[in-house]
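Letters go in sequence order (proteins before strands), and every chain restarts at 1.
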Amino acid sequence: MDSLAGLKRTHHCNELGAGDIGKEVVLMGWVLRRRDHGGVIFIDLRDREGITQVVFNPAVNAEVHAKAHALRSEWVLAVRGRVEARPEGMANPKIATGEIEVLVSELRILNTSKTPPFPLDEEVEVSENLRLKYRYLDLRRPSMAANLIMRHRACQAIRAYLSGNGFLEIETPVLTRSTPEGARDYLVPSRVNAGRFYALPQSPQLFKQLLMVAGMDRYYQIVKCFRDEDLRADRQPEFTQIDMELSFVDEEEVMAINEGLIVHLFKEVLGVELSTPFPRMTYAEAVARYGTDRPDTRFGLELIDLSDIVRQCNFKVFRAAVDGGGVVKCINAKGCADFSRKDLDDLTAFVGQFGARGMAWVKIKDDGSWQSPIAKFFSDEELVGMGRKAGVEPGDLLLFGADRPEIVHQSLAELRLELARRLDLLDPARLDFLWVTDFPLLEYDAEEKRWVAVHHPFTAPREEDLEFLESDPGRVRSRAYDLVLNGNEIGGGSIRIHRTDLQKRVFAALGISDEEAAEKFAFLLQALEYGAPPHGGLAFGLDRLLMLMAGCESIRDVIAFPKTQKATCPLTEAPSSVSRRQLTELHLRPDWKE
RNA sequence: GGGGUCGUAGUUCAGUUUGGUUAGAACGCCGGCCUGUCACGCCGGAGGUCGCGAGUUCGAGUCUCGUCGGCCCCGCCA
């Protein structure tokens, strides 16, 4: 093994090109592949940035060539040599440095390596568990390195933009207090205060409001947040938000500044020019047309409301749904009348996951007649009415949902996406941003038998709806807004309540008593009494945003050290058990078996 | 808490439907040959608790039950 002493790297492995021919250079990196011809030996040398072919020629330097015979995958090398043009017709267009190679005159073996447990050349998919266990190897793979480089550039672009727009980057505590509402907290026991616990923040929500009261005017932070809930492809127990808050603004200004941020980010990182303002849609319209508050607007297949038409019909399922306060809606899958019985059964099972108890369908035949198990239940007038409203043409397929609105909306919204996947309607090149506004302030939680905040309890209600806060809470709209990209919620925020009296009224509407509010939120209510300015903000889910920008299927691919679906880390084997003594110090008595 | 799916060589997989000789392939690895390759090529070789545990059977990678783990989803995630 050799020393680095006296040798300095001159270039990364992506840098050299035809313009460098003749230069003496020093490269350092890992052996990606070796091609040993017995005579000449080629090594693809890889570092974070790219790949360069280095050549050992026995005719040029027999000693160095002999040494190179021993090289194996992932050994760490320093090479000194001259940049040479590749022989005529030997250029490799697949790599950035493909026009040249480095003819090595000095080889130093800085470290050897065991044979890696999986190939690092991206030719085969490797199980994610193994990748996570050897994440330091997985991250050497060019695509993963590129994701982390992109993440860095995104964070730099975000900081530059926000700093340039008067935002201060201010850190908030990670050890803070548990507050009711929202996700389950990660708790940290206090050694110094027996029986007391810190909570890791679900978001810096209250601190950023306090910073507004403190006169900081504009705050941002790229910050870790923690939620102890079950994981998904786009959900990790710790994740990163771009968090911000602004004083003396209304929702228009918050949205305008964030459109600017997104435009800047996509230009800097992806070189994509976006046009603003982004389209907007109210929550009510989004749910009515798409069944969801985060519609993917890259394709049609919108929901069509037939409730009024079938109100009196003879099909019991439809009539009962409407009579019971539900709705009947359909999707017109244009040109899908050739779906087989099995296709329809699959789709019925698919919507079943979301609570739909069945799925009626109609195929429109070439002569315009309806082929359907349920057609016989409808009058001509009803058939004509439905057909007209759904815009049917021969060859179309109508798929129906009839139930409580939540079930119809969720199942048809998911069905719409499933159809789009099957029909290949999701254009990966398109970036459809959409602001969704006018969310309801509260929704009724049947399980808890009380009203809960749709966004969070500090969201300001719309002034003109305030009169209904006590009499008809579900009717009150909030000053909240979400930003949606291709059907993914990438950010959300609101104008906050900045007056104590209103905050107390909202707590009351949420069934939080004065005593409980005083106990849990005293610091916030008190702060609002000392000249809190009008303020509002927004937070982006950075991991999710980067996942979409990188075209990945999972946020794990844009996080250096993510956790598995069971919230474990195969690399460190966290979470781990701890010593009896540590528990005792924390005043915890275990009730589990070792 | 629930549903689905996967677990076989270092890796990616086939074999499981219908139980039956010595569990295969490709890549990787090791050795040999090879001076223009770039997923180099040619020859040879090593490498397996079939996730784990019970059960059924003359016999289990294959069937049954349980269990552990990965991934996807529902619930949950203000």
Side-chain angles (χ1 to χ4, degrees), chain A residues 32-45 51-60 62 65 69 72-74 84 86-95 97-98 101 103 114-134 137 179-185 202-203 205 225-237 239 349-356 410-411 414 418 439-443 445 447-448 451-459 478 480 489 492-494 506 510 512 539 541 553-554 556 563-566 568 570:
Chain A
L32 173 61
R33 263 188 294 264
R34 79 193 152 98
R35 291 178 293 279
D36 185 339
H37 288 242
V40 68
I41 298 172
F42 299 97
I43 298 284
D44 289 337
L45 193 67
I51 295 166
T52 300
Q53 172 167 286
V54 300
V55 187
F56 300 87
N57 192 325
V60 174
H65 174 264
H69 269 297
R72 292 294 181 272
S73 286
E74 300 308 313
E84 310 231 306
R86 298 219 186 162
E88 191 67 30
M90 294 292 169
N92 182 354
K94 284 190 269 184
I95 58 175
T97 59
E101 61 195 10
L103 183 61
K114 292 172 73 172
T115 301
F118 55 89
L120 304 191
D121 61 8
E122 315 216 49
E123 297 299 329
V124 286
E125 283 287 307
V126 179
S127 86
E128 196 157 6
N129 207 27
L130 197 65
R131 289 174 52 200
L132 291 182
K133 184 171 175 183
Y134 296 94
L137 298 179
T179 52
E181 307 280 308
R184 194 176 292 113
D185 285 322
Q202 297 174 27
S203 83
Q205 181 60 36
C225 302
F226 305 87
R227 293 178 189 174
D228 187 3
E229 298 290 349
D230 288 347
L231 283 67
R232 289 283 192 284
D234 63 351
R235 275 166 28 191
Q236 283 273 304
F239 61 100
F350 177 81
V351 296
Q353 298 178 77
F354 309 100
Q410 191 188 356
S411 55
E414 296 291 345
E418 177 65 16
F439 282 79
L441 183 71
L442 308 168
E443 66 188 349
D445 184 324
E447 220 166 277
E448 291 199 42
W451 292 88
V452 296
V454 168
H455 187 52
H456 59 52
F458 320 108
T459 300
S478 72
E489 184 199 326
S494 65
V506 170
L510 289 168
I512 300 174
E553 299 284 319
S554 160
R556 294 187 296 273
K563 292 185 173 54
T564 67
Q565 196 166 47
K566 280 232 168 76
T568 65

Picking from B:A39, B:C29, B:C72, the nucleotide nearest the side-chain atoms of A:Ala233 would be B:C72
Rounded to whole Å, how long is the line connecting atom CD of A:Gln410 with atom C1' of B:G75?
10 Å
Answer yes or no for this row: A:Phe42 ring on B:U37 base, centroids under 5.5 Å, planes under 30°.
yes
Quick one: label A:Thr568 by what it contacts on the DNA or RNA (base, sugar-phosphate, nothing), any heavy atom closer than 4.0 Å.
sugar-phosphate
Counting only side-chain N and O atoms of A:Arg556, is one of them less than 4.0 Å from OP1 or OP2 of B:C72?
yes
So A:Gln53, base contact, sugar-phosphate only, or nothing? Heavy-atom distance under 4.0 Å.
base
What contact category does A:Ile41 fall into here, base, sugar-phosphate, or nothing, at under 4.0 angstrom with non-hydrogen atoms?
nothing
Nearest-Å distance once atom P is located in both B:G2 and B:G66:
12 Å
Would you please confirm or rule out a distance under 4.0 Å between OP1 or OP2 of B:G70 and any side-chain N or O of A:Thr564?
yes
Watson-Crick/G-U partner (both atom distances under 3.5 Å) of B:G69
B:C6
With a non-hydrogen cut-off below 4.0 angstrom, is A:Pro87 in contact with a base, only sugar-phosphate, or nothing?
base
Would you indicate what A:Arg86 reaches in the nucleic acid, counting non-hydrogen atoms under 4.0 angstrom: base, sugar-phosphate, or nothing?
base
Heavy atoms only, 4.0 Å cut-off, all strands: where does A:Arg131 land among base, sugar-phosphate and nothing?
nothing
So, is A:Lys566 near the phosphate of B:C71, with a side-chain N or O under 4.0 Å from OP1 or OP2?
no
Just to be sure I understand the rule, does A:Asp36 reach a base, reach only the sugar-phosphate, or reach nothing, if contact means heavy atoms closer than 4.0 Å?
base
By nearest nucleotide on RNA chain B, pick out whichever of A:Glu414 and A:Ala91 is the more 5' one.
A:Ala91
Classify A:Pro58 by what it touches in the nucleic acid, base, sugar-phosphate, or nothing, heavy-atom distance under 4.0 Å.
base
Spacing of the C1' atoms in B:C50 and B:U16 (rounded, Å):
11 Å
Reckon A:Arg72 has a side-chain N or O less than 4.0 Å from the OP1 or OP2 of B:C30?
yes
Using OP1 and OP2 only, check whether a side-chain N or O of A:Arg35 sits under 4.0 Å from B:C40.
yes
So, does A:Arg227 get its side chain near the phosphate of B:C76, meaning an N or O under 4.0 Å from OP1 or OP2?
no
For A:Gln202 and B:C77, is the shortest distance between a side-chain N/O and OP1 or OP2 below 4.0 Å?
no
So, under a plain 3.5 Å distance rule, would you say the side chain of A:Glu101 forms a donor-acceptor pair with the base of B:G36?
yes
Step-by-step side-chain contact (heavy atoms from CB on, under 4.5 Å) determination, A:Asp185 to A:Gln202
CA-CA 7 Å; A:Asp185 285 322; A:Gln202 297 174 27; 2.6 Å; yes
Pairing partner of B:G20 (Watson-Crick or G-U wobble, both distances under 3.5 Å):
B:C58
Whole-Å distance between B:G2 C1' and A:Asp230 CG?
11 Å
Quick test of the criterion, 5.5 Å between centres and less than 30° between planes. Is A:His37 stacked on B:C40 or not?
yes
Over all strands shown, is A:Asn129 touching base, sugar-phosphate only, or nothing at heavy-atom distances under 4.0 angstrom?
sugar-phosphate
If you find the nucleotide of RNA chain B closest to A:Ala59 and the one closest to A:Pro119, which residue's nucleotide is nearer the 5' end?
A:Pro119
Assess whether a salt bridge exists between A:Arg556 and A:Glu128, defined as any Lys/Arg side-chain N lying under 4.0 Å from an Asp/Glu carboxylate O.
yes
For A:Val126, which contact category applies under a 4.0 Å heavy-atom criterion: base, sugar-phosphate, or nothing?
sugar-phosphate
Going by purine N1 to pyrimidine N3 plus the second Watson-Crick contact, or the G-U wobble pair, all under 3.5 Å, which nucleotide sits opposite B:C33?
B:G41
Closest of B:G10, B:C71, B:C76 to the A:Glu128 side chain is B:C71
Is any side-chain N or O of A:Arg232 under 3.5 Å from a base N or O of B:C71, one able to act as donor and the other as acceptor?
no
Is the ring centre of A:His69 less than 6.0 Å from the ring centre of A:Phe56?
no
Between the base of B:G28 and the side chain of A:Arg33, is there a donor and acceptor pair under 3.5 angstrom?
no
For a quick check of understanding: with a heavy-atom distance under 4.0 Å over all strands, which category does A:Thr459 fall into, base, sugar-phosphate or nothing?
nothing
Using the P atom on both, measure B:G41 against B:G36 and round to a whole Å.
14 Å
